[in-house]
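Since the model is a prediction, treat every value here as computed from it, not as a measurement. Residues take their numbers from the sequence shown, with the count starting at 1.
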Amino acid sequence: MPGRPALFNHTCAIPTNPMNKTPRHILTAGILPLMLSLSAPAQNSNPPPPNNDVVELSPFTVTADNRDSYVASEVVTGTRVKTQIKDLPFTVSVITSEFMNDFDFFDLGSDLAYTASLNSVDTQGNSTLRGYGATFMLRNGFYRLGLIDRVNTDRIEIIKGPNAAIYGSTSPAGLINVVSKLPRATPYERVQITAGSLRMRRAEINVNTPLGTVGGIKFAQLVSVEAQDNDSKTQYAHSKNRVFGYDLLATFKDHSTLNFEFDWSKRAGTADTGSLPFEYNIKNKRYSTVLRPDLAHFSQAGPNSIADRKQQSIYLTYDKQYNRVWSTHAGFNAYQRKAFNFNNGTRDQFDPSTNQFTRPSVVTDPLNEDGFGVQVDTLAHYPLLAGKIDNKTLLTVDVSNNWRFRQQNGVNSKLYTIPTINITNPDYSLPPLDAFTIPTRRDHVRWHIEGALLRQQVMALQGKLIGFASLRFDRVTYNLDFGDQFNTGGSKPGSLKTKGEVLHYTDTAWSPNIGFNYKLTSNIALYASHSKSFSPSGQVAKLGTPRLDNETSIGWDYGVKATYLNERLIFTVGGYYIDRNGVKTTQIDPTTGLSETVAAGRQRARGFEFEGSWSMTDELTLLSSYSIVGAKIVYNGDAVTDVGRPPSGLPESQASLAFKYNFRKTVLKGFSWNGGLTYSGRSYFNSTATDARRNIYAAGSTLVNTGLTYTWKGEHGITHSIRVSAKNLLDRMYVTNNGNLGNDRAYYLAYTLNH
């Protein structure tokens, strides 16, 4: 097929019949008037400059760079205080809000491919960094499980490797910290309406309003609203996203600030498939090497599937700078998250002799989570030796509680028959929800965390040498209540299958970190850091799994940070080495001869990363990244064939190039053009399987995205813009690194009003 490269190795053939790719641009009547009515009470004035915040920024707050809204020069992630990226002893990547808008980040879980070594990000907050999986995000430094939207996001900061242990327990991958938007001093309104392929309909609004002064306290508020509906290539699959955010910022006479934020989001719909099925013999239960991309979007779940997520959170943040030495940042977060899945599973097993998919267990699967956290950061910034040494000492204390309740219910198989799915005449009928009454899983999990961090930064030699050292202590207490599990079939449906158990224990860990950044010349700095991290295995415990020791990781980061051309050209070239120990695995006990679950697995990752930005002119900005990840399994218990294999879904290399050009000095004044390409190398999406699937890989793929925007000024200080854009412009057929068929070319049309 012209323009469509091979997706797999020689064991797979791609069908040549084209799929329907007709874009449909549909605006939902009523959304625009609603959004405009929400913005009506706001004051009429010009939009604010990018960094016009209510007060001078505290040592714990950053915004985008003044020169270019694609480029960030400072971060808080990784150090917990505002730090120049060029001064860090490790790497932190930043994605700004304008970049997210220009490159159509409708789903932050799938659009982060422009970051080196980051992939497999999903809507639950799971991601893969440097070859390892991370199972949650942070939002403003607090625990978060996905459901993130750009409408109330200012920037995304990604810290890679065990250095992320500065926030407590973490996988060796690192962490993604989502930083929310804050109210500003100048009023503004922003409304954007987007329509596009697969019936994409999206409306978003930000309304920022100064509320005046009461008792010498200045108040400002920010309201953020988003609504998005879109279909999928999979029949019956669709999703609806809703977001509401409210921020109220109080600025006191002493310039301290207190910010209250309420964040609510919901995602509801019917499950998408998109995964690539293998041909499978149901009788002998064996896979072949034949993949069926033509069935990747066949609906296995049907119209009765439910995949709902909903969360609400509150944040309370207080910042105060007492004097030139002392500052405090205190934060509180409380959250509640509910999920409900029904018939949400799909299988990669298709039997061509029967034209059937095997059916996964159909259960009702509610998951309720809630918790709270408190963080207090105290910073002392002071000189020594007549100013020859500049010191920053940070003391952090944090406490959090997290609860999780999950109960899966099955149906009596003697009373109800759940049909298999035949592709020629699929029968999607299911028993009613109230028939699912037999508990097959019932977990009540609570973990309580107490942590403390002491971090010291020293700057000497007239600013040429910056040294960092930190030590964090964490105490994690677990209460795990696993309820009884019951049979759904056999001679006695509803009879006891497995007796429940209760576990209570405490894990502790010390996480040290040390590093330096030395400016070899005025343009080049050498950096290196050494860090350790931990992850309590109790977080993934299930009924029947004994208490395991913590996972631990040891990592090195090293490389060069460079700035040239008056800091218009900035890049980082570096490497890393990470050992992960204590991974949960099974092995034969040499004494008893029985299989046991132990924390004995080992993995290793080595890699290279490059990230850079170049503001070539005031009109043209370039961003680029390149990474190689050499991760492998060193030991995995009885699974001896896994040794030397890469983790599943890990691309061998990644690269990206993005640009933005503003036609400010030509006859095309008012136009701006952005574009980018992303490359993902070969990956084995079933690398540790013990059958024919283990050697099937997704070939490397390159995607091109672009957008053209025209902006003009109207009356009364209103600015309008129209943008047309395309994702996967060349319409490449590709497979993602986790084994899903990639999205076809998609077009979007957006109108934006700024006031």
request  = Just jot down the side-chain hydrogen bond (donor to acceptor under 3.5 Å, both in side chains) partners of N728, sequence neighbours excluded, or say none.
outcome  = none

key: Residues forming a side chain to side chain contact (heavy atoms under 4.5 Å, CB included) with N636, sequence neighbours excluded   = T585, I633, A639, D642

query = Taking only residues two or more places apart in sequence, or in another chain, which ones meet E157 in a salt bridge (charged side-chain N to carboxylate O under 4.0 Å, His left out)?
reply = R155

Atom pair CG/OH of D691 and Y287 - distance to nearest 0.5 Å = 6.5 Å

task = Please tell me if the side chains of R202 and M200 come closer than 4.5 Å, counting only heavy atoms from C-beta onward.
result = yes

Residue from L650, N737, N738 passing side chain to side chain contact (heavy atoms under 4.5 Å, CB included) with S683 = N737

message = Would you say S180 and N140 are linked by a side-chain donor-acceptor pair, where the criterion is simply a distance under 3.5 Å?
response = yes

message = R580: which residues meet the salt bridge (charged side-chain N to carboxylate O under 4.0 Å, His left out) condition with it, sequence neighbours left out?
response = E551

key: Test side-chain hydrogen bond (donor to acceptor under 3.5 Å, both in side chains) applied to S687 - qualifying residues, sequence neighbours left out   = S648

message = Checking D272 against T234: is there a side-chain donor and acceptor pair closer than 3.5 Å?
response = yes

task = Using a strict cut-off of less than 4.0 Å between a Lys/Arg side-chain nitrogen and an Asp/Glu carboxylate oxygen, indicate whether K499 and E501 qualify as a salt bridge.
result = no

query = Is it true that D348 and R693 make a salt bridge, defined as a side-chain N closer than 4.0 Å to a carboxylate O?
reply = yes

Lys/Arg-Asp/Glu bridge criterion (N-O < 4.0 Å) met for E226, R150 = no

inquiry  = T597: which residues meet the side chain to side chain contact (heavy atoms under 4.5 Å, CB included) condition with it, sequence neighbours left out?
reply    = T545, P546, L548, K584, T586

ask   = Are the side chains of L480 and Y505 in touch, meaning some heavy atoms are under 4.5 Å apart?
value = yes

key: N-O pairing of R406 and D443 below 4.0 Å   = no

message = To the closest 0.5 Å, what do you measure between CD1 (I306) and CG (D365)?
response = 11.5 Å

query = How long is the gap from CZ on R199 to OG on S232, to the nearest 0.5 Å?
reply = 13.0 Å

message = Going by side chain to side chain contact (heavy atoms under 4.5 Å, CB included), name the residues that satisfy it together with P439, two or more places apart in sequence or in a different chain.
response = Q407, N409, R442, F486

Ionic contact status for D104 with K727, cut-off 4.0 Å = no

remark   = Applying salt bridge (charged side-chain N to carboxylate O under 4.0 Å, His left out) to R242 and not counting sequence neighbours gives D229

With sequence neighbours excluded, residues passing salt bridge (charged side-chain N to carboxylate O under 4.0 Å, His left out) with D638 = none

message = Under a 3.5 Å threshold, yes or no: a donor from one side chain and an acceptor from the other, between N341 and R309?
response = yes

message = Looking only at the side chains, is there a donor atom on one of N368 and R404 sitting less than 3.5 Å from an acceptor on the other?
response = no

inquiry  = A side-chain contact here means heavy atoms from C-beta on lying under 4.5 Å apart; do Q654 and T115 qualify?
reply    = no

ask   = For the residue pair S491 and K414, what are the closest heavy atoms and their distance?
value = O-CE, 3.9 Å

ask   = Residues in ring pair (Phe, Tyr, Trp, His ring centres under 6.0 Å) with F142, at least two apart?
value = none

key: Partner of R144 under side-chain hydrogen bond (donor to acceptor under 3.5 Å, both in side chains), chosen from D263, N333, N177   = D263

task = Any chance you could lay out the side-chain hydrogen bond (donor to acceptor under 3.5 Å, both in side chains) test for N230 and S239, step after step, and finish with the verdict?
result = CA-CA 6 Å; N230 60 275; S239 66; 3.3 Å; yes

query = Hey, does the Lys NZ or Arg CZ of R645 hover above the aromatic six-ring of Y684, less than 6.0 Å from the centre and inside 45° of the axis?
reply = yes

inquiry  = Quick check against the 3.5 Å criterion: does T128 have a side-chain atom that pairs as donor or acceptor with the backbone of G131?
reply    = no

task = Answer whether the closest heavy-atom distance between the side chains of T270 and P303 falls below 4.5 Å.
result = no

message = Is it true that N550 and T552 share a donor-acceptor pair across their side chains at a distance under 3.5 Å?
response = no

request  = Compute the centroid of each ring, for F298 and then for F350, and state whether the two points are separated by less than 6.0 Å.
outcome  = no

query = Considering residues at least two apart in sequence or located in another chain, which fulfil the side chain to side chain contact (heavy atoms under 4.5 Å, CB included) criterion with T690?
reply = none

request  = Just grab all the ring pair (Phe, Tyr, Trp, His ring centres under 6.0 Å) pairs involving residues 407-435, residues at least two apart or on different chains.
outcome  = Y236-Y428

remark   = Output for pair (Y335 OH, S313 OG), nearest 0.5 Å, gives 9.0 Å

message = Taking K338 first and then D370, would you say they form a salt bridge - that is, a charged N and a carboxylate O separated by under 4.0 Å?
response = no

query = So do the side chains of R347 and T358 get within less than 4.5 Å of each other, counting heavy atoms only?
reply = yes

request  = Could you tell me how the ring of W403 sits relative to the ring of F372: parallel (under 30°), tilted (30 to 60°) or perpendicular (over 60°)?
outcome  = tilted

request  = Taking atom types as modelled, find out whether R337 and Q311 have a side-chain donor-acceptor pair closer than 3.5 angstrom.
outcome  = no

task = Could you tell me whether the side chains of H238 and D231 share a donor-acceptor contact shorter than 3.5 Å?
result = no

